[in-house]
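Written out below as structure tokens is the structure these notes cover.
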Amino acid sequence: MKLCKHIGDGSTQDFGQTQFICTSVPKDMDLCTATMQNNGPAEDLKTTVMQLRETVLQQKETIMNQKETIRELTSKLIRCESQVGPDLGDSKAGGRRKETGSKNTMGDVSRGPTDTLAQLGQTLQTLKQRLENLEQFSRNNNSAQTNSLKDLLQNKIDDMEKQVLSRVNTLEESKLGQKNETEQRGRVESTLTSLHHRITDLEKGQKDNRPLDKFQLTFPLRTNYMYAKVKKSLPEMYAFTVCMWIKSNASPGVGTPFSYAVPGQANELVLIEWGNNPMEILINDKVAKLPFLINDGKWHHICVTWTTRDGVWEAFQDGVMRGNGENLAPYHPIKPQGDLVLGQEQDTLGGGFDATQAFVGELAHFNIWDKKLSAGEIYNLATCSSKALVGNVFAWSETSIELYGGASKWTFEPCRQLS
């Protein structure tokens, strides 16, 4: 027996243009059952096609979102490329130029966020090569043009750094391929640190004309891995003065400019502004609220003094005492042999960082004394007087600090950059 299907224009009266497709059916099988079985594969195929169509639409939407992200990053990089101009590896006589123009330095559209991070890493490697060219050019040409090109490249690296670290944070939050992304983040951080060290080496040729304390640290993003570490520990102190130049417009809270942890006490000495709370000084986990108002995006000079006798403290902003108090960890000396970290709050000795407590902004001229400075001495510091003192426990110097995770270092002149 054969089961036949009518294929035509839908008319049941004219069979002149009609075709029939016939399928063999066992003799004893019910025709209705045979018809249902014959239609099964067609229905399955229809369902499969609909599922594939839905998948394609979802993938198209994902690709469009990623394409928009890459377009924005590419636009920024093209603008940076156009500023650099001449090929850093060429001499003035050569006159050749890199054909950057509208070149897409980011490559093809990424298939996913992990690919995007990989492309950013490749772009950083390109920057590294260009920086090597700059080093060679700098050795052969000690000119103002060399310094100008170096500054342009520094700005480009800083812009790339913010893009990459922002992308890393986004990837961490999405938790897509967490292990691979952590490894890639480590490689990107390593490249960033290497780039900044290279620029520091370039600046060494100017050390004879620039004191070691004429620099600032920049922490552009809230992360749990960007920080600076002081190479030596603090001694036991029965009094101290901590002073620094600071600039931030982060909200809520500027974060943790510095933290000092010792074995058994992570909050031995901490300066922190977290969330909507005012800035606080912690000594052995005891807290005093400070009357500082500094998150206006301008440079401010701040100092805190303290003595173990009666726990007396004073707070100065821009050379003027803004508040004082007592009974802050009285008769507790600051313990030695700890870790002093800039930009992060330590929950454990030398680590346990929390991104929500990280400092965002710029920091310079961080100095520590093992005594209480007078109001006049603090005023001299805030006004850049020639009589200004440097810390006798820790003095701000490029050779005394190590940078990690993309924290950057730039030239800084106090009292000339108060904006």
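For the numbers below, each heavy atom of this structure counts, side chains included, while hydrogens, waters and symmetry mates do not.
Annotation for G319 and A382: closest pair N-CB, 3.5 Å, computed over non-hydrogen atoms. L389 and W369 make their closest contact through O-CZ2, 3.7 Å (heavy atoms, listed as atom of the first residue, atom of the second, distance). Scanning both residues, F219 and A407, for their nearest heavy atoms gives CE2-CB, 3.8 Å. Considering all non-hydrogen atoms of both residues, Y379 and T383 come closest at O-OG1, 2.8 Å. When all heavy atoms are compared, the tightest approach of L403 to S408 is CD1-C, 4.1 Å. Here the closest non-hydrogen pair linking F258 and L342 is CB-CD2, 3.7 Å.
A donor-acceptor pair under 3.5 Å links the side-chain atoms of Q344 to the main chain of M226, judged by distance alone. No donor-acceptor distance shorter than 3.5 angstrom exists from the side chain of Q265 to the backbone of V262, with no hydrogens or angles considered. When atom types are taken as modelled, the side chain of K232 and the backbone of F394 share no donor-acceptor pair closer than 3.5 angstrom. Here the side chain of N267 pairs no donor or acceptor atom with the backbone of D285 at under 3.5 angstrom. No side-chain donor-acceptor contact under 3.5 Å links E345 to the backbone of V270. Here the side chain of Y260 pairs a donor or acceptor atom with the backbone of G338 at under 3.5 angstrom. For the pair S233 (side chain) and P336 (backbone), a donor-acceptor distance under 3.5 Å is absent. For R222 (side chain) and A355 (main-chain N/O), no donor-acceptor pair under 3.5 Å exists by modelled atom type. Checking side-chain atoms of E268 against main-chain N and O of K335 turns up a donor-acceptor pair under 3.5 Å.
Side chains of N295 and N249 form no contact here, defined as non-hydrogen atoms less than 4.5 Å apart. No side-chain heavy atom of I401 sits less than 4.5 Å from a side-chain heavy atom of K231. Side chains of I281 and L328 form a contact here, defined as non-hydrogen atoms less than 4.5 Å apart. Under the 4.5 Å side-chain criterion, counting only non-hydrogen atoms from C-beta, L217 is not in contact with F359. Contact annotation: the side chain of Y238 never approaches that of D370 to less than 4.5 Å [non-hydrogen atoms, C-beta and beyond]. Two residues are said to be in side-chain contact when any heavy atoms from C-beta on lie closer than 4.5 Å; I302 and L290 fail this criterion. Looking only at side-chain heavy atoms (C-beta outward), V390 and W396 stay at 4.5 Å or farther from each other. With contacts defined as side-chain heavy-atom distances shorter than 4.5 Å, the pair F240/L234 does not qualify.
Side-chain polar atoms of S259 and Q346 form a donor-acceptor pair below 3.5 angstrom. Under the 3.5 Å distance criterion, with hydrogens and angles disregarded, a donor-acceptor pair is assigned to the side chains of S397 and T399. Judged by distance alone, the side chains of Y331 and D310 do bring a donor and an acceptor atom under 3.5 Å apart.
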Step by step, work out the side-chain contact (heavy atoms from CB on, under 4.5 Å) result for V254 and M279.
-> CA-CA 9 Å; V254 303; M279 184 164 282; 3.7 Å; yes
Using the side-chain contact (heavy atoms from CB on, under 4.5 Å) rule, take V312 and N324 through it: C-alpha gap first, then chi angles, then the decisive distance, then the call.
-> CA-CA 8 Å; V312 175; N324 56 45; over 6 Å; no
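Partner L381 forms a side-chain contact (heavy atoms from CB on, under 4.5 Å) with one of M244, H301, H365, K387 and no other, that one being H301. Among L373, N392, V304, the single residue meeting the side-chain contact (heavy atoms from CB on, under 4.5 Å) criterion with T241 is L373.
The number of heavy-atom neighbours closer than 6.0 Å to CZ of F292, taken from other residues, nucleotides and ligands shown, is above 12. Counting heavy atoms of neighbouring residues, nucleotides and ligands inside a 6.0 Å radius, atom CG of D296 exceeds 12 of them.
M237 contributes atom CE, which lies 13.5 Å from atom NZ of K371 (distance to the nearest 0.5 angstrom). For the atom pair CD of Q337 and CD of E236, the computed distance is 10.5 Å after rounding to the nearest 0.5 Å. Distance check: D354 CG to N224 CG gives 8.0 Å after rounding to the nearest 0.5 Å. Rounding to the nearest 0.5 Å gives a distance of 9.0 Å between OG of S251 and CD of E273. Rounded to the nearest 0.5 Å, atoms OG1 (T305) and CD (E314) are 4.0 Å apart. Between I294 atom CD1 and H300 atom NE2 the span is 7.0 Å, to the nearest 0.5 Å.
Taking the six-membered ring where tryptophan is involved, the planes of W245 and W299 are perpendicular, since the angle between them exceeds 60° and thus also 30°.
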